[in-house]
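Every chain is numbered from 1 and lettered A, B, ... according to where its sequence line falls, protein lines coming before strand lines.
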Amino acid sequence: MGDILEFFEQMGFMNMTIQQGIMLLLSFFLLFLAIKKQYEPLLLLPIAFGMLLTNLPGAGMYHSELWTAFLDANSPAYHSYGTIMREGGLLDILYIGVKAGVYPCLIFMGVGAMTDFGPLIANPKSLLLGAAAQLGIFLTFLAANSMGFTEAQAGSIGIIGGADGPTSIFLTSKLAPELLGPIAIAAYSYMALVPVIQPPIMRALTTKKERAIKMSQLRPVSKTEKIIFPIAITTIVALILPDAAPLIGCLMLGNLAKECGVVDRLSKTMQNELMNIVVIFLGLTVGATATASSFLDWSTIKIMVMGVVAFGCGTAGGILLAKLMNLFSKEKINPLIGSAGVSAVPMAARVSQQVGQEENPSNFLLMHAMGPNVAGVIGSAVAAGILLTMLG
Amino acid sequence: MMTPLLINWSHVWMVTGLGFCMVILLLVVLIFILKLLGAVVSNAVKAPGVAQPKAISAPAAQAAPAAAQASADNDLAAIAMALHLYFNGVHDVEPTEIHIKRVERSGWNSKLYGMNNLHR
């Protein structure tokens, strides 16, 4: 009889708190969004399942207290990966890849191998739009400070405006690891909601005439340029801003493997197998950080609000700079491509195309928008490097 | 969490202003490098002794963009037609039947014994 009672006492049902119950319901909701609504399912599904696993009472797959001790200078487990390996669960061990900043860089390698920088090389002015769209990051940093977050936390919240999941995770794991769960979920949720968030801002800031502007065809880009581009960008950016080197370096390595044409096997591995494996590990472990104690907090709601502000400001920054450039340039730019500067490749470029075609069905903005879009990836990585240098 | 009074606002403003300016500055540097790269590569492509046509007569120079535009329009029309045919399922489908039927003649279907005329 005693054994039966002991068995019942050890059941998760008996040990579950209300907060854990709420988190389980939230994970079910995210799984629903991923599977039924297909909101960024490749990432949202593992994140939601990681959230489910970490909030199962007694499963012991992730221990937030171990990671608190890992960051505590007075603890014997301070910066001790050995302790994590010895005492941690499966998700703790996988989380080492996030903590060490490995997964975001590997994902960037895959992103680089899948990205064509041709539109950016053909029209280098796109980089300006990519830079302007980073306005959201810095305005949100300012706003988050005024809401009581520390500077490091504010920098991590601001980077949501870069609309770049791996960059957000990379910077947050360095500056404010305690906010990793809410920030990652906010970043990926808003990336999935780009088609909902951006169009009203785009329509509000542009006239019908501006939205109907047709842009001239981009010049063809030679293979030599495409090969030199990743090498030159890595060298210049890493020399000016060494903290951005891991992200930019991996992005450009992937791109070089794609463009040089002599390592097809490596390029395909980066685009498929490596990328998929890392996405599984990253999603699961980021979801695992969303424990009831860290997630069910007012700061999570504030982060969600700040995230959408960051996104909106970034979109507005790109559009307004495109309008400003039109005042001084002979060749007019359709301001809608400015909104694509908020990274989120290629969703933001597709939104520019869709909104542009609503005004003029014969207008094809996709390739023009891909320039600012990939410039946004570089811009957000550079912004992350700057925040890391200043706040790290 | 920090109360607003404890925040070092001068540092916050400095990070905001300087950080954003640095992003812009770095990407402007990259613009110049990309332009330089484009110029160098296009010169290198032209360099190996390929004689570029020096003078193009004025009517020919005007006709070239017009011809290119006409060609692009034709391409677009062909692509649009192909998409229309594909999405509306009106593309002609080759029947798989073979229409030529050879009539084998034997004692069983000979004209001599048959009641009906055979196909010719």
Side-chain angles (χ1 to χ4, degrees), chain A residues 117 120-132 134-135 137-142 144-151 153-155 158 217 219 221-225 228-229 232-233 235-237 240-241 244 298-299 302 317 321 362 364 375 378-380 382-383 385-387 389-391, chain B residues 1-48 50 64-81 83-84 87:
Chain A
F117 284 96
L120 178 63
I121 302 170
N123 183 15
K125 277 190 286 185
S126 305
L127 276 164
L128 273 181
L129 300 174
Q134 310 312 316
L135 179 69
I137 294 177
F138 292 96
L139 288 183
T140 311
F141 167 74
L142 203 60
N145 268 293
S146 67
M147 290 180 82
F149 288 99
T150 63
E151 285 186 25
Q153 289 173 334
Q217 202 174 349
R219 72 170 174 87
V221 176
S222 68
K223 190 178 176 185
T224 314
E225 282 177 275
I228 296 174
F229 173 80
I233 296 289
T235 311
I236 302 293
V237 173
I240 296 175
L241 197 63
W298 279 111
S299 61
K302 287 182 188 173
L321 186 78
S362 68
F364 294 93
I378 298 175
S380 59
V382 166
I386 288 169
L387 288 172
T389 307
M390 290 177 156
L391 306 172
Chain B
M1 288 282 178
M2 294 174 75
T3 57
L5 288 176
L6 292 175
I7 299 167
N8 182 356
W9 280 106
S10 60
H11 188 248
V12 169
W13 280 105
M14 193 271 287
V15 172
T16 307
L18 194 64
F20 188 55
C21 290
M22 278 181 69
V23 173
I24 299 271
L25 195 69
L26 188 56
L27 295 191
V28 167
V29 170
L30 293 183
I31 290 175
F32 283 113
I33 288 166
L34 285 185
K35 289 205 166 186
L36 191 70
L37 175 68
V40 169
V41 170
S42 61
N43 280 340
V45 170
K46 281 178 197 165
V50 181
Q69 180 62 41
S71 167
D73 288 347
N74 288 338
D75 292 347
L76 285 176
I79 292 166
M81 176 58 84
L83 288 172
H84 168 74
F87 285 116

Problem - Contact winner vs chain B - A:Leu135, A:Ile233, A:Ile240, heavy-atom pairs under 4.5 Å - result: A:Leu135
Fill in the blank from the handout: Partner of B:Leu27 under side chain to side chain contact (heavy atoms under 4.5 Å, CB included), picked from A:Leu128, A:Leu129, A:Ile378, is A:Ile378
Handout entry: Atom group of A:Ile386 that falls short of 4.5 Å from chain B, counting heavy atoms
Key = side chain
Exercise for the section: Examine whether an atom of A:Ala132 lies under 4.5 Å from a heavy atom of chain B, and if so say whether it belongs to the side chain, the backbone or both; otherwise answer neither. Expected result: backbone
Which heavy atom of [X] sits nearest a heavy atom of [Y], and at what distance?
X        : Y        : value
B:Met22  : A:Leu241 : CE-CD1, 4.4 Å
A:Phe141 : B:Val12  : CE2-O, 3.5 Å
A:Pro124 : B:Ile31  : O-CG1, 3.3 Å
A:Ser222 : B:Val41  : OG-CG1, 3.4 Å

Nearest-0.5 Å distance that lies between atom [atom1] in [X] and atom [atom2] in [Y]:
X        : Y        : atom1 : atom2 : result
B:Leu18  : A:Met390 : CG    : CE    : 3.5 Å
B:Leu34  : A:Phe117 : CG    : CZ    : 10.5 Å
B:Thr16  : A:Glu151 : OG1   : CD    : 8.5 Å
A:Asn145 : B:Trp13  : CG    : CH2   : 10.5 Å
B:Lys35  : A:Ile121 : NZ    : CD1   : 14.5 Å
B:Leu30  : A:Ser126 : CG    : OG    : 12.5 Å

Practice task
Go through the steps for B:His11 and A:Leu391 under the test side-chain contact (heavy atoms from CB on, under 4.5 Å), then give the verdict.
Solution key: CA-CA 10 Å; B:His11 188 248; A:Leu391 306 172; 4.2 Å; yes
Practice task
Before giving the answer on side-chain contact (heavy atoms from CB on, under 4.5 Å), spell out for A:Ile137 and B:Phe20 the whole-Å C-alpha distance, their side-chain angles and the decisive distance to 0.1 Å.
Solution key: CA-CA 9 Å; A:Ile137 294 177; B:Phe20 188 55; over 6 Å; no
Exercise for the section: Using non-hydrogen atoms and a 4.5 Å limit, figure out which bit of B:Val28 sits close to chain A: side chain, backbone, both or neither. Expected result: side chain
Fill in the blank from the handout: The interface call for B:Leu26 against chain A, heavy-atom contacts under 4.5 Å, is side chain
Handout entry: Note, B:Trp9 side chain near A:Ser146 side chain (heavy atom, < 4.5 Å)
Key = yes
Handout entry: Top contributor to chain A interface from B:Val15, B:Val29, B:Ile24 [non-hydrogen pairs under 4.5 Å]
Key = B:Val15
